[in-house]
Amino acid sequence: HKGKSTGAVSIDADILDIVDDATTEAKAVADANLGVAPEVQIRSVGPFVPPPIIRSWIHHAIVEVTKNAMMSTVQKWDEQPLHQKQSLPSNILI
(Lines give C-alpha, C1' and ligand atoms only; values in the text may rest on other atoms or scores of the structure.)
Protein backbone atom coordinates (compact mmCIF):
# COMPACT_ATOMS: atom_id res chain seq x y z
CA HIS A 1 0.00 0.00 0.00
CA LYS A 2 2.95 2.34 -0.21
CA GLY A 3 1.91 5.83 -1.20
CA LYS A 4 -1.78 4.94 -1.06
CA SER A 5 -4.30 6.07 1.54
CA THR A 6 -5.26 3.23 3.85
CA GLY A 7 -7.54 4.22 6.72
CA ALA A 8 -9.75 6.93 5.31
CA VAL A 9 -12.91 6.56 3.29
CA SER A 10 -12.11 6.93 -0.39
CA ILE A 11 -14.67 8.02 -2.94
CA ASP A 12 -12.46 7.58 -6.00
CA ALA A 13 -10.39 4.48 -5.27
CA ASP A 14 -9.08 2.44 -8.17
CA ILE A 15 -10.76 -0.90 -7.42
CA LEU A 16 -8.65 -2.80 -9.96
CA ASP A 17 -5.50 -1.47 -8.29
CA ILE A 18 -6.74 -2.71 -4.91
CA VAL A 19 -7.63 -6.12 -6.36
CA ASP A 20 -4.23 -6.38 -8.06
CA ASP A 21 -2.36 -5.49 -4.84
CA ALA A 22 -4.46 -7.94 -2.83
CA THR A 23 -4.03 -10.85 -5.25
CA THR A 24 -0.27 -10.26 -5.37
CA GLU A 25 -0.17 -10.47 -1.57
CA ALA A 26 -2.38 -13.59 -1.53
CA LYS A 27 -0.13 -15.27 -4.11
CA ALA A 28 2.94 -14.57 -1.96
CA VAL A 29 1.22 -16.05 1.11
CA ALA A 30 0.03 -19.12 -0.81
CA ASP A 31 3.47 -19.69 -2.31
CA ALA A 32 5.13 -19.40 1.11
CA ASN A 33 2.63 -21.73 2.81
CA LEU A 34 1.78 -24.20 0.05
CA GLY A 35 4.86 -24.11 -2.17
CA VAL A 36 2.72 -23.18 -5.17
CA ALA A 37 0.31 -20.37 -6.00
CA PRO A 38 -2.30 -20.64 -8.74
CA GLU A 39 -2.41 -17.85 -11.27
CA VAL A 40 -5.12 -15.26 -10.74
CA GLN A 41 -6.96 -13.72 -13.68
CA ILE A 42 -8.67 -10.41 -12.98
CA ARG A 43 -11.50 -9.42 -15.31
CA SER A 44 -13.14 -6.04 -15.36
CA VAL A 45 -16.80 -5.92 -16.28
CA GLY A 46 -16.89 -2.57 -18.00
CA PRO A 47 -17.39 0.88 -16.59
CA PHE A 48 -17.72 0.84 -12.84
CA VAL A 49 -18.41 3.68 -10.43
CA PRO A 50 -16.88 2.60 -7.13
CA PRO A 51 -18.82 3.19 -3.94
CA PRO A 52 -17.12 4.98 -1.05
CA ILE A 53 -14.77 2.41 0.50
CA ILE A 54 -12.04 2.01 3.06
CA ARG A 55 -9.14 0.71 1.00
CA SER A 56 -7.54 -1.35 3.76
CA TRP A 57 -10.79 -3.19 4.52
CA ILE A 58 -11.43 -4.06 0.88
CA HIS A 59 -7.79 -5.08 0.42
CA HIS A 60 -7.93 -7.37 3.48
CA ALA A 61 -11.20 -8.98 2.38
CA ILE A 62 -9.89 -9.68 -1.12
CA VAL A 63 -6.61 -11.11 0.24
CA GLU A 64 -8.53 -13.49 2.53
CA VAL A 65 -11.04 -14.64 -0.10
CA THR A 66 -8.32 -15.10 -2.74
CA LYS A 67 -6.03 -16.90 -0.31
CA ASN A 68 -8.86 -19.27 0.66
CA ALA A 69 -9.66 -19.92 -3.01
CA MET A 70 -5.99 -20.69 -3.67
CA MET A 71 -5.76 -23.08 -0.71
CA SER A 72 -8.89 -24.91 -1.84
CA THR A 73 -7.67 -25.07 -5.45
CA VAL A 74 -4.26 -26.42 -4.43
CA GLN A 75 -5.81 -28.99 -2.06
CA LYS A 76 -8.19 -30.21 -4.78
CA TRP A 77 -5.30 -30.34 -7.28
CA ASP A 78 -3.11 -32.22 -4.79
CA GLU A 79 -5.80 -34.87 -4.21
CA GLN A 80 -5.95 -35.83 -7.91
CA PRO A 81 -4.38 -39.15 -8.90
CA LEU A 82 -0.87 -38.62 -10.25
CA HIS A 83 -1.75 -39.80 -13.78
CA GLN A 84 -4.59 -37.20 -14.00
CA LYS A 85 -2.77 -34.31 -12.34
CA GLN A 86 -1.95 -31.25 -14.41
CA SER A 87 1.48 -29.72 -13.89
CA LEU A 88 -0.02 -26.74 -12.07
CA PRO A 89 -3.31 -26.06 -10.28
CA SER A 90 -6.02 -24.37 -12.32
CA ASN A 91 -6.27 -20.59 -12.50
CA ILE A 92 -8.52 -18.54 -10.24
CA LEU A 93 -10.83 -16.03 -11.90
CA ILE A 94 -11.78 -12.81 -10.14
Looking at Ala13 and Ile18, what are the two nearest heavy atoms and their distance? CB-CD1, 4.0 Å
Check for me, please, whether [X] and [Y] land in the same ILVMFWY cluster - side-chain distances under 4.5 Å, paths through other members count.
X     : Y     : answer
Val29 : Leu34 : no
Ile62 : Leu16 : yes
Val63 : Ile58 : no
Trp57 : Val65 : no

Atom pair CG (Asn68) and OG1 (Thr73), whose distance is rounded to the nearest 0.5 Å: 10.5 Å
Nearest 0.5 Å, please: how far is OG1 in Thr23 from CD in Gln41? 11.5 Å
Can you check side-chain contact (heavy atoms from CB on, under 4.5 Å) on Ile54 and His60, steps first, answer last? CA-CA 10 Å; Ile54 297 177; His60 175 76; over 6 Å; no
Please determine whether side-chain contact (heavy atoms from CB on, under 4.5 Å) holds for the pair Val40 and Met70, giving the CA-CA distance in whole Å, both sets of side-chain angles, and the decisive distance to 0.1 Å. CA-CA 9 Å; Val40 178; Met70 287 180 175; 3.3 Å; yes
Apply side-chain contact (heavy atoms from CB on, under 4.5 Å) to the pair Ile15 and Ile53, showing each step before the final yes or no. CA-CA 9 Å; Ile15 298 295; Ile53 62 165; 3.8 Å; yes
Look only at the side chain of Thr24 and the backbone of Asp20, and say whether a donor-acceptor pair between them is shorter than 3.5 Å. yes
